[in-house]
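Working notes, structure below.
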Amino acid sequence: MSLIKNVAQQARRTNVVASKASSSGVYPLGGYNENKAQLRRETTAQYYRDHDIHHAAKKDSVRLKAAALLFTGRIPSNIDLIRSAQYLQSELPVRIAHRIKGFRSLPFIVVTNPHILKVMEQYIRSFKVISNFNDGRMVKTQDKVDDFTHLLEILLDEHGSVIDDLTQGFSSCHDHILEIFDGDEEKTHDLVQSFLDKTLTSRLGIRLLAQHHLLLKDQIGQNSRDRIGIVESRWKPAKDIEAIARKIRESWMFHCDNPPRVKLNGHTEAEFPYIPIGVDYILQEVFKNAFRAVIEAHANSARQMPPIDVTIAVNREDFTIRIADRGKGMKSDVIDKIWRYHFTTARGRQGYGGVGDLLSMANSNEKELAGYGIGLPISKAYAEYLGGKLEIKSMSGIGTDVYLTLKHIDPHKGHSFRI
Ligand code: ADP
Ligand code: MG
């Protein structure tokens with residue numbers, strides 16, 4: 001978690017430096033910030049005639065084994081960083097072009113929604129600045145790698161609101177899509193689900209790679225035993241679980257004097273190499289739901305709320321985290337819909353975070369507790385992208401068990417997943 005924050009803070013810092021420097025004309029990013037307005041004007045027109053995007057979208061993406069990130073070198077060197085920049089220079093435009101193609105295949109009424117159009121234009125602009133960087137030639141010198149790294153920081157920051165924009169966009173388009181499908185809810189749901197699953201997991205992959213590069217840069221020449229880029233060499237699930245549970249519990253304290261406690265058991269001492277960014281996101285969402293369920297179910301009881309029990313099981317090929325709450329579970333009509341984007345039973349409730357705030361949120365997942373109906377579907381898509389699964393078993397009237405199972409990244413323990 002701290003990792004995500006660090007990168008975000010770093011990105012913001014650099015963004016300020018970059019924009020100041022570029023407006024005074026000294027910052028060598030090809031005047032990225034100055035040219036933004038012009039790029040915006042160009043992108044929509046370009047969308048229809050850009051052969052580069054079309055060409056790049058035909059190439060296959062080169063997905064790295066997660067373990068490959070771990071073994072690029074125990075002590076990251078300048079050569080590693082140049083290689084990493086070159087890989088990103090050729091790989092990111094391909095991935096972004098695939099996503100632009102995804103936007104192109106959406107019905108017209110959806111693409112013209114201002115939120116969705118904004119994201120598509122962001123992707124087109126990013127495609128353009130990355131492919132044109134260094135006049136399209138691979139970076140070879142330290143200076144150029146530094147410039148490229150700054151560019152990545154700026155782009156990461158700029159794409160920070162994509163999830164909010166897309167969910168807002170699709171939420172307001174729902175009725176139009178339904179109309180296209182003659183009122184068929186299933187077809188409407190399939191279109192939204194396949195687009196958002198693909199776009200958001202691809203975005204996760206791109207961000208992991210970019211953040212890996214940024215962190216590697218900070219570690220050059222250091223023999224870091226704890227971390228190589230985004231990979232923590234000795235990740236301890238119990239530690240992240242405790243930190244996330246504490247944070248979410250504190251957030252719920254605005255709504256409840258004494259939210260339930262979280263109790264850990266199982267392999268609480270286990271440590272292994274892992275990339276925590278995705279799993280931290282999923283845990284946050286699952287904890288937000290578990291706390292909400294327990295708090296709402298026991299709001300009128302004077303007794304202490306039943307704890308949320310977390311069990312960790314670490315095995316050779318994978319590990320499972322089970323989060324079990326006594327929040328009275330879900331009825332079958334709710335269970336059937338929980339994996340759908342925008343399904344929520346919290347809409348209209350006060351104070352959990354309202355759709356009106358959506359655009360002002362820099363990092364929605366930390367600030368809102370419920371109400372958008374995107375926590376579970378995104379978490380499931382992320383878990384599957386990371387070679388795992390997210391499952392829910394609920395006993396109506398009693399409580400809910402969430403099982404998150406993920407594969408190890410260590411190649412000695414069987415197959416890993418690809419980023
Ligand atoms: P949100 O939290 O914004 O409503 P989610 O996708 O996280 O969206 O969850 C969707 C719905 O699933 C929730 O509104 C709630 O009805 C149900 N749900 C999820 N987790 C639990 C749980 N642990 N106990 C009871 N209901 C749950
Ligand atoms: Mg939720």
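Residues: numbered from 1 along the sequence shown. Counting starts at 1 for both ligands and their atoms, following the listed order.
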Quick one about Y385 and D197 (side-chain donor to acceptor, distance below 3.5 Å, no hydrogens or angles considered), yes or no? no
Closest to atom 16 (O) of ligand 1 among protein heavy atoms sits T345 OG1, 2.5 Å
Using the test side-chain hydrogen bond (donor to acceptor under 3.5 Å, both in side chains), find all partners of H174 that sit at least two apart in sequence or belong to another chain. E185
Is ligand 1 under 4.0 Å from a heavy atom in the side chain of R292, in the backbone, in both, or in neither? side chain
Any nitrogen or oxygen of L376, main chain or side chain, under 3.5 Å from a nitrogen or oxygen of ligand 1? yes
How would you list, by chain and number, every residue that makes a side-chain hydrogen bond (donor to acceptor under 3.5 Å, both in side chains) with S131, sequence neighbours excluded? none
Looking just at side-chain N and O atoms, do H213 and S84 make a donor-acceptor pair shorter than 3.5 Å? yes
Under the 3.5 angstrom rule, does the side chain of Q122 hit a backbone N or O of E158 as a donor-acceptor pair? yes
Output the list of atoms in ligand 1 that are nearer than 4.0 Å to some heavy atom of T344, sorted by atom number. 1 (P), 3 (O), 4 (O), 14 (O)
Identify the protein heavy atom lying closest to atom 2 (O) of ligand 1, giving its residue, its atom name and the separation to 0.1 Å. N289 OD1, 3.0 Å
Identify, with sequence neighbours excluded, every residue that meets ring-ring contact (aromatic ring centres under 6.0 Å, His included) alongside F195. F103, F170
What residue and heavy atom of the protein are closest to atom 10 (C) of ligand 1, and at what distance? F343 O, 3.5 Å
Suppose the cut-off is 2.8 Å; which protein N/O/S atoms would you list for the Mg ion (ligand 2)? N289 OD1
Under 4.0 Å from any heavy atom of A370, which atoms of ligand 1 are there? 2 (O), 3 (O)
Using the ring of each side chain (for Trp, its six-membered ring), is Y274 parallel, tilted or perpendicular to F319, with breaks at 30° and 60°? perpendicular
Does a side-chain N-to-carboxylate-O contact under 4.0 Å join E242 and K236? no
Taking 4.0 angstrom as the limit and counting only heavy atoms of D325, give me the atoms of ligand 1 inside it, by number and element. 22 (C), 23 (N)
Salt bridge present between R246 and E250 (N-O < 4.0 angstrom): no
Answer whether the closest heavy-atom distance between the side chains of V119 and I116 falls below 4.5 Å. no
Pairing donors with acceptors under 3.5 angstrom, does anything connect the side chains of H150 and E153? yes
Among all protein non-hydrogen atoms, which one is nearest to atom 8 (O) of ligand 1, and what is the separation to 0.1 Å? G373 CA, 3.2 Å
What atoms in ligand 1 come closer than 4.0 Å to a heavy atom of G371? 1 (P), 3 (O), 4 (O)
Who's closest to atom 17 (C) of ligand 1 heavy-atom-wise, of V286, I338, I392, T400? I338
Below the 3.5 angstrom mark, is there an N/O of G327, backbone or side chain, next to an N/O of ligand 1? no
Which ligand 1 atoms does P377 reach within 4.0 Å, using its non-hydrogen atoms? 6 (O)
Ionic contact status for K118 with D165, cut-off 4.0 Å: yes
Would S394 count as a contact of ligand 1 if the rule is a heavy atom under 4.0 Å away? no
Is the centre of the H159 ring less than 6.0 Å from the centre of the Y123 ring? yes
Indicate the ring-plane relationship of H408 and F272, choosing parallel, tilted or perpendicular according to the 30° and 60° boundaries. perpendicular
Taking only heavy atoms of A293 into account, list the atoms of ligand 1 that are under 4.0 Å away from them. 22 (C), 24 (N), 25 (C)
Would one find an N or O of M330, backbone or side chain, under 3.5 Å from an N or O of ligand 1? no
